[in-house]
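The model shown is predicted, which means the values in this text are computed figures rather than measured ones. Heavy atoms only: backbone and side chains are in, while hydrogens, waters and symmetry mates are out. Here is the naming used below: chain letters follow the sequence lines, and residue numbers restart at 1 for every chain.
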Amino acid sequence: MKYNFKKIEPKWQLKWEEDKLFQAKDKSDKPKFYGLVEFPYPSGAGMHVGHIKAYSSIEVVARKRRMEGYNVLFPIGFDAFGLPAENYAIKTGVHPRVVTDQNIKHFSDQMRQVGFSFDWDRVIDTTEVDYYKWTQWIFLKMFEKGLAYRDKTLVNYCPSCKVVLSNEDSQGGKCDVCHSDVVQKSKDVWYLRITEYADKLLEGLETVDYPENIKQQQVNWIGKSKGAFVDFTLDGIDEKLKIYTTRPDTLFGVTFMVIAPEHPLIEKYADKLKNLDAINAYKAECAKKTEFERTQLVKDKTGVKLEGIEAVNPVNGKKIPIFIADYVMMGYGTGAIMAVPAHDQRDYDFAKAFGVDIIEVIKGGDISQEAYTGDGEMVNSDFLNGYDNKKDSIQRMIEELEKKGIGTGGVQYKMKDWAFNRQRYWGEPIPIVHCETCGNVAVPFEELPLRLPELENFEPGTDGESPLARIESFVNCKCPKCGRDAKRETDTMPQWAGSSWYFLRYIDPHNDDELCAKEKLNYWMPVDWYNGGMEHVTRHMIYSRFWHRFLYDIGVVNTPEPYKKRSAQGLILGPDGDKMSKSKGNVVDPLDIVEEYGADTLRTYVLFMGDYGAATPWNDNSVKGCKRFLDRVATMSEMIKNEPISAELESKLHKTIKKVSSDIEEMKFNTAIAALMTLVNDIYAEGAIDKDNYITFLKLLSPFAPHITEELYESLGGEGYLSVAEWPKFDEAKTVDATKEIGVQVNGKVRGTIVIPADGEKDEVLSIAKADEKIASFLDGKTLVKEIYVPGKILNFVVK
RNA sequence: GCAGGAGUGGCGGAAUGGCAGACGCAUCAGACUCAAAAUCUGACGAGGGCGACCUCGUGUGGGUUCAAGUCCCAUCUCCUGCACCA
């Protein structure tokens, strides 16, 4: 029976919303469930099928939880600051506020059409002043605690977008937004001291339920390494050159040093360098290269030897040359390394190219061929000789360094402090005033929000200055501390700011006095289940965990970690198996599917199409298959008979309740839906079902296809809403069969099947099997060596 | 290079070490129809046999086991993230 989804879907969407069926209650005796999905950036293109898949998982869990009697918070909002709206404004002159409001309206309409059970009274928008007031508040708290600071450094700068980018936003030397080459530029930048939280972020991972790959990615991103800082002296100069190494025990194998081209040592001792021209020429060459090019040529080492300055190895007093080379980065460690060519491949390649000595200090490899990086017995290493594992030798060396005062044990992180500003209009203004006498002064908390001023020309300033810098009424102000004339910070916060704490605001979205009321936080936090994309695992997730941990440390929130459990959906690929993209023309618009097949079909399909975590190509025919399934469910209402169903069908129903219930918890939505399809096939085979059991089936399907099930329930005279009816329970006894069919193997090969009592003893099962004509023919004339019976599973005869 | 994951029919994909291919799609056949669509029923890994059945089969090569898609070793390919990180 084809049902009229165009009529029934809007009908139920309206009713649910009018009756506030999915409203979360701030006070309740029920257990709470906080399900979260990554809120969208409201782009002009509207929703993508990827959004549908991302939200459908927690949607199903949230609906199931409500039916299980939980007080459920399942909110949605909009992460609406960002470049696309601003770029659109530059092109068209339409204010980002206007475009953003339009897009939010469009997204909201679309999400309603899919029937997501969001609590629409808690919608937040990061660009609303009532929201970003609190983003600014958190920034000021960080500033107060010394976690926000301003520093002049080389930054990743996108010449096309005219903005400073974080390392996260400029991976591979390309701008994350426009994919232009990123250049290095010296600039005053705001930083958040996320590195101070590196260890806390690592430790926190041990307490949360994230998939292993997500944890691993975060661990890699933080990139903690243990090693030592060692001071090398310069020959004849009272100066120390500090290096970081993870293998201080190879110190006796050091034959040269390398410093980054940007290392300050060069400028400081320029007068001592005899080949300054060559050095400067090399530096200029490096500056031209993008970070990307610098990391491409892994094998061909380049560099220049510093003529006139030599270093001294602090453990043996040997003089060694110093080079500058671009394989050493200023941004990691100290920007200088001790080179141990025998045991580091990069140093080895460099030594070969420049004819430097290679001294073996660890036995086990062939250093005439390549560097040996494995473990082994220490040689040529004075007091370390004879040590045979790096753990002991490193420890011994660090003790020695510390005793002599030439080095210390230490750690390094790949993660850098978070560059926290953009030279753009459409972002949260940074609430800081620059005063000539007082320096950087916080805008007083009571003056928040610091509103974005009105603007007509959204073009960025030249030299990457924020458009806000042109508005004199905004820029010129009085210093909150001394009252003298001062200037406001004109940079805005990066896109990631608003999303770093949004899950807290859902809990108390309209609170004017606090970020969120304490007792509500205590009730709802932490987020019980958070689903989103893999692309946010190392940026958004780490940033928001950092902010949340900070808020915990200052007593604002009650849990150190914001998310108890995290999952991630796999991409939906185009029908051609490629990533969906406008240029390839393989984009599927979810609203086209709603229009043609209905929201229930769309929802069911995105969860049925494959393993939830895996990338799966879109298939229009499979969508039709899901529609066919729902039509069959509707047709089933004509099979209702007022008589009991067979014990066999009842058993199948109970097994289905069990499977669907557990599959949803494990995010195995595809097999949950498959089980429902199988049950429908079974009911068709019987041709009859009673009303109560039919309703039980509808309940199981309801989280996936809420509209059609609600409609069918109503047509049967069901009371209230099926969406909040009680989740079916199964009777374990009814999921167990009295008899079972098991395979019988002879020498591991299946030779037949037999039907046995489920609790049959081995002897009984053996005699049933031996009585089977076919099995017997395989045993005939052979010597029985062994009989293996795995109860209820399999029987295997081993014969000779 | 490092880390994580995946290789199963024509396709998407199922299988706590125990009958590989659930479920869906596509395809084919039958029913219904004047006909088509829709719907319903059935077949559907490959090879062989009239047939009950037999042989082979989960990237590749080994191994453990009564029994391997699943565990171990090696190897190839693909995806995702990080990457001259000292």
For A/G610 and for A/T678, find the nucleotide of RNA chain B with the closest heavy atom, then tell me which residue's nucleotide is more 5'. A/G610
Side-chain donor/acceptor contact of A/K301 with base of B/C84 under 3.5 Å: yes
Are OP1 or OP2 of B/C19 and a side-chain N or O of A/R751 less than 4.0 angstrom apart? no
Starting at atom CG of A/D326, determine the distance to atom P of B/A83, rounded to an integer number of angstrom. 17 Å
Of the listed nucleotides B/A14, B/C25, B/A86, the one nearest the side chain of A/R628: B/C25
Under a 90° cut-off about 0 for the syn range, is B/G9 syn or anti? syn
Would A/K301 and A/F350 count as a cation-pi pair here, with the cationic atom under 6.0 angstrom from the ring centre and within 45° of the axis? no
Rounded to whole Å, the CG-P distance (A/L679 to B/G24) equals 12 Å
Categorize A/K749 for me: base, sugar-phosphate, or nothing, with a 4.0 angstrom heavy-atom threshold over every strand shown. sugar-phosphate
Describe the nucleic acid contact of A/K579 in one word from base, sugar-phosphate, nothing, applying a heavy-atom distance below 4.0 Å. nothing
Please confirm whether the shortest side-chain N or O distance from A/N619 to OP1 or OP2 of B/A26 is below 4.0 Å. no
B/A86 OP1/OP2 closer than 4.0 Å to side-chain N/O of A/K226: no
Pick the nucleotide of RNA chain B nearest each of A/V798 and A/K659; which residue has the one closer to the 5' end? A/K659
